[in-house]
Each structure stands twice: as structure tokens, then as C-alpha cells.
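Treat the numbers as computed from the prediction; the structure is a model and nothing was measured.
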Amino acid sequence: MLKKLRLTLLVVALCSAQANAELVIDVQGVAQPTPVAIVPFGWQGSTPSAPLDVAQVITDDLRRSGRFAPLAERDMLQKPTDGADVDFQDWGFVGVEAVVVGSLVQTGANAYTLEFHLFDVFGRRELVGYRMPASRGTMRGAAHRAADMIYEKLTGIKGVFGTKVAYVSAEEQANGLLYSLTVADQDGENEHKIMESTDPIMSPAWSPDSRQLAYVSFEGNKSSIFIQTLRSGNRYQISNRPGINGAPSFSPDGRKLVVTLGGVDGNLDIFVLDITSRQTRQLTTHRAIDTEGTWSPDGRYIYFTSDRSGGPQVYRILANGGTPERVTFEGSYNARPRLSPDGTRLAMVHNDRGNYRIAVMNLERKDLLVLSTGRQDESPSFAPNSDILIYATRQGRDGVLETVSADGLIRQKMASGRGDVREPVWSPFPRF
Amino acid sequence: MAQIKLFTCVALAALLVGCSSSPSIDDPEPTDTVYGEGATTDGTGNDSMSGGEDVTSKNEDLQTIIYFAFDSSEVRPQDQDLIARHAMQISNDSSYRVRLEGHADERGSREYNIGLGERRSQAVRQLLLIQGVRASQVATVSFGEERPVAHGSSESDYAQNRRVEITYTN
């Protein structure tokens with residue numbers, strides 16, 4: 001009898017800090033970025049320098065969005081930290097349209113106040129001013145929130161700098177691949193491995209409250225679905241039926257998962273699994289591969305991939321059952337549907353003249369826009385503001401992450417320092 | 001990995017010597033050892049393909065990997081005989097258990113590729129079942145594109161990754 005599962009499994013609690021970020025972000029190609037200035041923040045506290053360069057965090061966020069060109073510090077004619085000291089004429093002279101000033105003040109051993117003001121240079125008025133409390137642990141998050149407010153004021157689009165991404169990576173080790181599931185800030189900082197295994201990990205999916213991730217693990221050479229709470233690191237197995245247990249995705253109310261089950265005969269169908277009662281309800285019964293289910297934001301439909309017509313195409317079915325209806329017709333391969341949170345667009349993996357690329361379909365006009373340029377792009381996921389997508393592409397042998405604006409104009413690479421990175425999923429907006 | 005390769009070759013050679021002109025497929029001893037090693041190689045057993053092939057053709061059931069054409073789950077004619085030999089061996093000993101691991105190449109969507117890998121393992125399973133293997137002796141799993149043996153992106157890498165691995169689990 002030889003039964004070697006060789007299961008090496010390590011669940012790391014999210015609270016364990018990890019200092020250096022693995023993702024390095026490289027912005028590419030921008031149309032007409034707006035010139036802005038984020039002046040270095042003032043600092044009052046018990047140490048000579050501030051625990052965080054808040055202005056740098058905001059500057060990086062705005063630059064990476066592709067919509068802004070922050071002024072270099074050496075080109076600033078003045079460096080006010082108080083709104084009253086902003087000289088609009090000077091800023092107009094160096095050509096910036098908006099100025100951010102602010103300060104960080106220590107109020108206790110681990111208590112700080114972050115304050116910022118955003119000014120319209122041409123209108124000579126303040127657009128937004130905000131003060132928020134922070135600790136050393138929450139300071140970076142507070143700076144991202146400030147960037148979100150500035151971004152929304154200037155573009156009219158909700159910022160996503162305070163959100164997170166989860167992704168899977170695989171690193172070659174002496175005796176095979178080591179798979180990890182990681183959660184990081186959307187800029188790649190503040191990264192935490194939440195799960196590691198010598199068996200594959202797949203298909204992470206955020207709960208709507210962004211407190212949990214569902215994912216597929218092949219521990220023991222068998223696929224099963226887990227739900228893990230990020231803060232505690234605790235997890236439990238939610239589906240371990242015979243055969244395939246795959247492709248989990250939360251319902252908008254967080255009470256159910258849509259999953260793919262295969263059974264002993266291996267016929268993949270879409271099921272809805274009630275998280276509390278663990279009862280399943282079968283939605284599709286076709287002999288074809290039906291998989292990659294995802295809810296529409298209003299909860300009415302489940303979109304999924306099926307090859308019932310030959311190659312894979314996207315279909316949808318009413319979430320409480322009905323007759324599937326084909327959604328995609330353009331091209332021979334359309335798979336892994338994901339809806340924009342505003343419900344207007346459908347992202348998918350699309351075969352574009354032999355290349356697997358990310359495409360977005362406007363659900364009203366039905367036109368398809370190819371957004372990526374790789375040969376092997378996969379796993380599109382919308383940011384919660386519906387304006388940006390993240391996906392995996394190839395760079396040499398390894399997978400890396402890229403983001404692209406939903407209009408295809410602004411693309412950025414997030415190069416990974418280690419391993420083959422794939423299956424990025426963007427978190428919902430955090431709840432404060 | 002080199003060690004495993006070497007071990008496999010030695011095991012194959014031992015089997016060749018051990019079995020006389022009419023190799024006995026009823027004797028599970030040597031084959032069990034070979035398959036057992038295969039089960040712990042993280043799917044890299046395929047590396048011994050070139051070295052093992054002509055030896056395999058003279059032996060019973062030593063090849064444990066079945067390859068598939070692009071976008072296909074059809075067992076090729078040249079592999080039917082191999083599967084028949086596995087079927088005979090498994091059905092002759094009710095203590096045997098096998099796991100059929102389906103794999104796909106990296107192209108396209110990951111969960112859909114889980115489906116393609118499962119289709120391949122089911123195709124092999126059906127062939128085993130109609131040749132007398134009990135359903136309780138066979139488990140299937142699909143790893144999709146998650147456990148490639150060839151890490152490149154050439155057609156030959158893809159061809160090596162589209163496979164079903166037959167693993168004896170006892």
C-alpha cells in the first residue's frame with residue numbers, strides 16, 4: 001500500500017505582517033494625463049521624520065491611474081503644508097491644474113491625524129478637505145483613502161486605491177511547484193500570503209463584504225472548495241463532493257456560491273450552493289462542460305461558460321432556474337465571464353486570431369472590445385468602480401498581472417518578483 | 001528528478017529480466033513498485049518518455065501516460081492496447097485502485113481547462129469500465145493546466161501537457 005499524499009499545507013493568518021512587496025508596477029501609455037502637484041506633507045511628532053511619506057503614496061496612486069501626471073518635487077516653486085499658504089498664481093505658472101497639501105500630526109503613542117486639502121488652481125478654490133485618524137498600521141490605508149477622494153473629485157469616478165487584489169502564484173521548488181494564495185493592496189504593497197500548498201490552488205473569489213475568500217484547493221489530489229476568513233486565517237471546506245468541485249463565486253448577498261460540480265461521471269454542471277445549509281440546487285443539466293458561473297450584480301442571472309454549441313461560449317440562466325440563453329456569438333472561444341459591478345459590461349477570455357485575450361462586451365450594444373495584447377491572457381476581474389480590469393498575462397515563462405482601463409486606453413503592468421502569478425481578483429470596495 | 005528517471009529505468013530493466021518470455025501480468029509485485037514511484041513524482045514521470053518507450057512496447061503496462069490531440073478527449077488508436085492491458089491488470093485484482101489524472105495545455109481559461117482534463121480522464125475511465133474494471137476501482141481528477149510537465153509555450157510543450165496519467169494508488 002502506497003498512499004503518499006505529501007500534503008504540505010500552511011495557512012498563514014492575514015495579520016502576520018510582511019514587509020517587502022512582490023509586485024512592482026510599471027505604468028504604460030497614457031492619453032492626456034492631467035498635471036497635478038502633491039506637495040510633501042508636513043509632520044509634527046516625536047520622531048525626526050514621519051512614519052510614512054503620505055504625499056508619495058498619493059503621488060504613486062495618481063500616477064499609476066494613468067490619468068494624472070504628478071509634478072516632481074524639485075519643480076515646485078513652493079511647498080506649503082497649510083491650505084492658507086497656497087499661491088494659485090505660482091501653481092498656474094508651473095502648469096498644474098490641481099494641488100494637494102496636507103500634514104500628518106502625531107497625537108499619541110500610536111495615534112496620528114492625517115489631513116489634506118485639494119485645490120483647483122484655475123478656479124482658485126478648495127475642492128475637498130478631510131481629516132482622518134490613523135495608526136501606524138492603518139496609515140497607508142488612510143493615504144489611499146485620501147487618494148480615492150482626490151481621484152473622485154477630479155475625475156468623477158470612484159477611486160479604487162483603497163481596495164485589494166488576491167492572486168495565486170506558483171513557484172518552482174526542489175520537489176515541484178509551491179502554490180500560494182496572496183492578498184495585497186491594489187498597488188502590490190502590504191502583501192500577505194494567506195495559504196500555501198504543494199497541491200494546486202485555483203479560482204479565488206471575494207465575498208461581497210471582502211472579509212472572506214472562496215477558492216479551490218487540490219489537497220490530497222482531489223479538488224474541493226474552501227472559504228477562508230482573511231483576518232483570522234480560519235477556513236472550512238464548503239464543498240467536497242465526488243469528482244470536480246470548482247469555480248466558486250459568491251452571490252451578491254453573500255449567502256450562496258455558484259459552483260461547478262462534476263460528480264463521478266465527470267459531467268460538469270452549474271450548481272447553486274447555500275453556504276449555511278450546504279444544500280445544492282442544480283441549474284444546468286447539459287452533457288457539455290458548463291463552468292465558470294458568476295452572478296449578475298442584481299442577482300437575477302448567472303452567467304457561465306458552456307461548450308454545448310461546440311467551442312466555449314458565454315451563456316446565462318436565471319439564478320433560480322430556467323432555460324440557458326447564449327450571450328456571446330463573436331469568435332470561436334469566449335470563456336470565463338465576469339460582469340462589471342455596474343452591470344453594463346461583460347469581460348471574458350476571447351480568442352482573437354489565435355491569441356487568448358481579454359475582451360469586454362457592452363451588454364446593451366453587444367459590441368466586443370479587445371482590451372489586451374498578449375498571447376495567453378486570462379482571468380479578467382473588474383475593479384469595484386467598473387472602470388479598470390485586472391488580468392493575468394505572460395512575460396517569458398511566467399505569468400504577470402496587468403490592469404487596463406475599461407476603454408482600453410490605459411494599461412499597466414504589475415511585474416512579479418517571484419514565480420508564476422495568475423488569477424487576480426479585485427476586491428469589492430472596503431466597508432469603513 | 002534525475003534520480004526518479006534512473007530509478008524508473010532500473011525498475012524497467014529489473015522487470016525485463018524478471019519476466020521471462022511470457023511476462024505475467026498477474027504478478028503485481030514489480031509493476032506496483034514502478035507505479036508507486038510514478039505516483040510521487042509530482043507528475044514528472046513524463047520526463048522518462050524517451051528513455052522508456054521501446055522498453056515499454058515489449059512489456060506489459062509500463063507506460064502510464066496517454067497523450068491527446070489539441071482540443072480532443074479521444075483516445076488515439078495506438079493507446080487502445082495500452083489501456084486494454086491496464087484494464088486487464090486492474091480487473092484481475094480487485095485490490096487495485098487507480099487514479100486517472102486529466103491534464104490540459106495552458107491555452108484558454110483555467111476552469112474550462114479543468115473541464116477538458118476531466119473529459120480526458122473520463123474517456124480513459126470509460127474504456128477501463130467497459131473492459132471489466134469496477135467503478136469503485138477508478139477515481140478521476142482533473143488538474144487542468146495547473147500541473148504541466150513541460151513549462152514552455154511551444155506546440156511540443158503543449159502536446160506533452162495534454163495527457164492522462166494513470167496512477168496506481170495502492
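Heavy atoms of other residues, nucleotides or ligands lying less than 6.0 angstrom from CZ of A:Arg375 number 12 at most. B:Gln80 CD: more than 12 foreign heavy atoms inside a 6.0 Å radius.
Here the shortest heavy-atom pairing between B:Glu106 and A:Arg394 reads OE1-CZ, 3.7 Å. The two residues B:Glu146 and A:Ile201 make their nearest non-hydrogen contact at OE1-O, 4.4 Å. Taking each heavy atom of B:Val141 and A:Asn221 in turn, the nearest pair found is CG2-O, 3.5 Å. Closest approach of B:Ser142 and A:Phe218 over heavy atoms only: O-CE2, 3.1 Å.
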Worksheet entry | CA sep, side-chain torsions, deciding dist, call: A:Asp307, B:Arg119, salt bridge (Lys or Arg N to Asp or Glu O under 4.0 Å) | CA-CA 12 Å; A:Asp307 62 3; B:Arg119 237 179 219 164; 2.9 Å; yes

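If you check the side chains of B:Ser109 and A:Glu292, you find a donor sitting under 3.5 Å from an acceptor. Side-chain contact annotation: A:Ser203 with B:Glu111, donor-acceptor N/O pair under 3.5 Å present.
Taking NE2 from B:His151 and CG from A:Asp398, the interatomic distance works out to 10.5 Å, rounded to the nearest 0.5 Å. Of the inter-residue distances, the one linking A:Met202 atom CE with B:Asn113 atom CG reads 8.0 Å to the nearest 0.5 angstrom. Distance CD/B:Glu118 to CD1/A:Ile289: 9.0 Å, rounded to 0.5 Å. With rounding to the nearest 0.5 angstrom, the CD1 atom of A:Ile244 is 6.0 Å from the CD1 atom of B:Ile114.
For A:Val168, no part sits under 4.5 Å from any heavy atom of chain B, backbone or side chain. For B:Arg125, the part sitting under 4.5 Å from any heavy atom of chain A is the side chain, from C-beta outward, and nothing else. Only the side chain of B:Gln122 comes within less than 4.5 Å of a heavy atom in chain A; its backbone stays farther off. Looking at A:Asp377, neither its backbone nor its side chain comes within 4.5 Å of chain B, counting heavy atoms on both sides.
Between A:Arg422 and B:Glu145, the closest side-chain pair of non-hydrogen atoms is not below 4.5 Å.
The residue among A:Ser306, A:Ala335, A:Ala247 with the most heavy atom pairs within less than 4.5 Å of chain B is A:Ala247. For chain B, the option among A:Glu172, A:His350, A:Arg336, A:Arg397 with the highest count of heavy-atom pairs below 4.5 Å is A:Arg397. The candidate with the highest count of non-hydrogen atom pairs below 4.5 Å against chain A, out of B:Ala135, B:Gly115, B:Gly108, B:Ser121, is B:Gly108.
Aromatic ring pairs are classed by plane angle as parallel below 30°, tilted from 30° to 60° and perpendicular above 60°; the pair B:Tyr112 and A:Tyr333 is perpendicular.
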